[in-house]
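Reviewing the structure listed below.
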Amino acid sequence: MNRSEPVPRADFGPVSVYFGHKSGKYPDGNQVMVQGRHARAAFDTPPVANRIGPDFDSADLVILGHVHEDHMAGLHRLPQAPVHVHHDDLAAAQSWPGLARHYGYTDAVLATLKHKVETQFHYHPRPDAQGYADGDTWDLGGVTVRAVHLPGHTAGHSALLVEEAGVAFIGDIDLSSFGPYYGDASSSLADFRRSLAVLRELPARVWVTSHHKGVVTDRDDFRLKLAAFAARIDERTDRLLQMLADGPQTLEQLVRQRLMYPPEHDDSWVDCAEARAIGMHLDELAAQGRVRHDDGAWRRAG
Ligand SMILES: [Zn+2]
């Protein structure tokens, strides 16, 4: 990446989208800025925020759609700007212990991760961050932002809707081929399913994701991409049942085979995230009477 190159940008009325490396592929992301008559808001602060310059550094406030390391990477540039985040992600924005509980990984993994977020993501907790709730609005001067709580990825994950412009920042419901991520302590598979249904009906004309897809401007195209993204959940359920077809497996054995990530993916946190996500699928299947847990292993039932 050539850091001196200008950051690509697309404008939709008062909304500007600054595209991170490879359309915001993790660990980068896409930066949204919204200009009203009396205030300029930043939606999240991904790593690309550090390459934008005055257009980012002049933000009057930050509204976080959710808390993860790659969405806080520009906060250190705006120490005076108020930071708003959904109540259910608030503790994660305020301190490292809060963020550690939010991830819910083992102590050894968290120690490695802390070093990574400090060195690669300019980690800067904000004890002064303020909580918002579903339906809360910000009047930037002729431009209104409304929070739409869409939990699942994290407990506080929210879309930020710029009402006059019909632009919805949908964060990490990112329409990627990877599919939904629900591997943290604050994630919920059941909530994610409900949020995907709500998002389908959101009154927007432009959808902006944090990663990969960037911007979608056609409703039919959006719905197709959303359906493909959502379908990854049931594909994972089917694969998990397939993994149990030849006999019982412990959670550890299932984790080693991987459900969300490719088998070769070995980042320090992946075992923890896989265990969490696989556990959610197994709980869902158990409630449906399709699997059961005995003698320390999971097996198909019925
Ligand atoms: Zn995230």
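Numbering of ligands and ligand atoms starts at 1, following listing order.
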Original post:
In Å and rounded to the nearest 0.5 Å, what is the CE to NE2 distance from M243 to H281?
Top reply: 10.5 Å
Original post:
Can you name the closest pair of heavy atoms from V32 and F169 and give their distance?
Top reply: CG2-CD1, 3.8 Å
Original post:
How are the rings of H157 and H153 set relative to one another: parallel (under 30°), tilted (30 to 60°) or perpendicular (over 60°)?
Top reply: perpendicular
Original post:
Which pairs count as side chain to side chain donor-acceptor pair (under 3.5 Å) when at least one residue sits in residues 37-49, sequence neighbours excluded?
Top reply: Q35-R40, R40-S58, D44-H71
Subject >> Around the Zn ion (ligand 1), number of protein N/O/S atoms which are nearer than 2.8 Å >> reply: 4
Original post:
Does the R276 side chain pair with the main chain of S188, one donor and one acceptor, at a distance under 3.5 Å?
Top reply: no
Subject >> Y132-H84 aromatic ring centre distance below 6.0 Å >> reply: no
